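Heavy atoms only: backbone and side chains are in, while hydrogens, waters and symmetry mates are out. These numbers were taken from a predicted model, which means no experiment stands behind them.
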Number of protein chains: 2
Amino acid sequence: MVDAATEDAVDDAILRQFVGYHMRRAANILQADLARTLKEIDLRMITMSVLVVIVDNPGLRQSQLADALAIERPNLVSILDELEERDLVSRTRVPTDRRAYALTPTQAGEKLAAKALELTAEHEDRILSQINLEERAQLVALMQRIVDGA
Amino acid sequence: MVDAATEDAVDDAILRQFVGYHMRRAANILQADLARTLKEIDLRMITMSVLVVIVDNPGLRQSQLADALAIERPNLVSILDELEERDLVSRTRVPTDRRAYALTPTQAGEKLAAKALELTAEHEDRILSQINLEERAQLVALMQRIVDGA
DNA sequence: GTGATTAGGTATGGTACATATCAGTTCAGA
DNA sequence: TCTGAACTGATATGTACCATACCTAATCAC
């Protein structure tokens, strides 16, 4: 009998037949590097996403934001609390619907969002340096098909 | 001023420029479907991975397994406890090193691992039905390059 | 033989994410 | 117009996952 501990190298070959296994590993690498990159401006990935979408969609409501980013509403609250506390975003009552808040970025928020996009672009250029633009487009197109199929 | 809440559709267009955003969404979809699939045989993704690697590398030690799957040793303990409790895997002392355990699958473990691989393959065929084999190979090759570059 | 290292395990904490529920507000239909 | 359903944001809570620090027993290096 083959004894892995002594005769063979232990490996994950059996799992490498699956696309999902490779995708999870690649996604983990991207995520770890982006998290490290955004630490420089004291943002987490999720707070960065929220800030950037608010800057790109000023005046949107929390529920719209939650839908756009597929975040549960309760989890959005503390994220916005933090962004508001840091004067990057403001919650202002919507006159026509007193239940809702309109989310708008402050000037500091717009500035930090621009910096965050810049850092994220640099991060991707770094991590994806071995993959040219055409290949990146292929990659995105294939993943988009997975998302669309679901 | 454009008001997103009333005039425009709120979207995540600003984030779609990034490969990582698409990858994370695609990976989440794969993960959710696989988790649902494996529930049928009462395995989580991580326990399935551990079981399958043990079947493919009988006799390996816990630290080798942890290295192969990039799992921290403490987190492996409860996973193996569960697999042992369910009589899918056995921990047996290594005679030449009484600190170590050799991990071997039971017959039931081998059988369940085969079933798990079958279910996982079905899951991928389902989720990736819009992507042919050549494209899947491209996808894997590109993600492999990301992993190798890190 | 003594100190450093290793294997497995324990305890603990942080992060992310989901559900159930609530108060206040708005809306639709009787 | 009134009443019940639905919606908005918030709160409380639970779970899954992953990482660090530390412990013991055993082994290894010198």
Side-chain angles (χ1 to χ4, degrees), chain A residues 4-6 10 24-25 27-32 34-36 38-39 42-50 54 59-85 89-104, chain B residues 4-6 10 20 24-25 27-29 31-32 34-36 38-39 42-50 54 59-85 89-104:
Chain A
T6 57
V10 171
R24 167 152 271 274
R25 296 205 123 187
N28 281 347
I29 286 170
L30 285 183
Q31 178 168 349
L34 180 54
R36 208 176 323 118
L38 291 176
K39 218 168 204 173
D42 199 24
L43 286 181
R44 290 175 298 146
M45 273 178 47
I46 187 67
T47 49
M48 182 276 275
S49 299
V50 165
I54 291 172
L60 85 171
R61 302 177 185 191
Q62 291 185 205
S63 55
Q64 292 176 308
L65 178 56
D67 288 347
L69 289 177
I71 303 174
E72 297 302 316
R73 264 73 94 202
N75 298 328
L76 198 50
V77 174
S78 63
I79 295 169
L80 290 170
D81 285 347
E82 180 194 333
L83 290 174
E84 202 177 24
E85 166 72 23
V89 159
S90 68
R91 281 190 261 223
T92 59
R93 284 279 178 202
V94 175
T96 57
D97 187 343
R98 301 197 322 173
R99 294 171 302 182
Y101 289 106
L103 302 172
T104 51
Chain B
T6 56
V10 171
R24 167 153 269 274
R25 297 205 123 188
N28 281 347
I29 286 169
Q31 177 168 350
L34 180 55
R36 207 177 323 118
L38 291 176
K39 219 168 203 170
D42 199 25
L43 286 180
R44 290 174 298 143
M45 274 179 46
I46 186 69
T47 50
M48 182 275 275
S49 299
V50 165
I54 291 172
L60 85 172
R61 302 179 184 189
Q62 292 186 204
S63 54
Q64 292 176 307
L65 178 56
D67 288 347
L69 289 177
I71 302 174
E72 296 303 317
R73 263 76 84 192
N75 299 327
L76 198 50
V77 174
S78 63
I79 295 169
L80 290 171
D81 285 348
E82 180 193 333
L83 290 174
E84 202 177 25
E85 166 72 22
V89 158
S90 68
R91 282 190 261 222
T92 58
R93 285 279 179 202
V94 175
T96 56
D97 187 343
R98 302 196 319 170
R99 294 171 302 180
Y101 288 107
L103 302 172
T104 51

Where Q62(B) and L76(B) come nearest, the two heavy atoms and their spacing: O-CD2, 3.3 Å
For a quick test of reading the model: is some side-chain N or O of R99(B) closer than 4.0 Å to OP1 or OP2 of dT6(C)? no
Can you see which heavy atom on A68(A) is nearest to which on V10(B), and at what distance? CB-CG1, 4.0 Å
Whether S63(A) contacts dG9(D) is assessed here as follows: a side-chain N or O lying under 4.0 Å from the phosphate OP1 or OP2. Is that the case? yes
Might you point out which heavy atoms bring I79(A) and R44(A) nearest each other, and give the distance in Å? CG1-NH2, 4.1 Å
Roughly, in whole Å, what's the span from CZ in R61(B) to P in dT27(D)? 10 Å
What I want to check is whether the side chains of R93(A) and Y101(A) have a donor and an acceptor closer together than 3.5 Å. yes
5'-most by nearest nucleotide on DNA chain D - D97(A) or R98(B): D97(A)
Whole Å only: how far is the CE atom of M45(B) from the C1' atom of dC18(D)? 14 Å
Can you measure L103(B) atom CG to dA7(C) atom C1' for me and round it to whole angstrom units? 12 Å
Just how far, in rounded Å, is C1' of dG8(C) from CD of Q64(B)? 14 Å
Hits for side chain to side chain donor-acceptor pair (under 3.5 Å) against Q31(A), two or more places apart or cross-chain, chain-then-number order -> R24(B)
Tell me what R93(A) touches on the nucleic acid: a base, only sugar-phosphate, or nothing, going by heavy atoms under 4.0 Å. nothing
Which whole-number value in Å describes the distance from I71(B) CD1 to dG9(C) P? 14 Å
With sequence neighbours excluded, residues passing side chain to side chain donor-acceptor pair (under 3.5 Å) with T92(A): none
With rounding to the nearest 0.5 Å, note down the distance linking CG in L69(B) to CD in Q64(B). 12.0 Å
L65(A) atom CG is separated from dA10(D) atom P, nearest whole Å, by 12 Å
Does dA10(D) have OP1 or OP2 sitting under 4.0 Å from an N or O in the side chain of Q62(A)? yes
Does anything in residues 73-83 of chain B come within less than 4.0 Å of DNA chain D? Heavy atoms only, and list the residues if so. P74(B), N75(B)
Nearest-angstrom distance from the residue atom CG of L69(B) to C1' of dC17(D): 15 Å
To the nearest Å, how far apart are R44(A) CZ and dC17(C) C1'? 12 Å
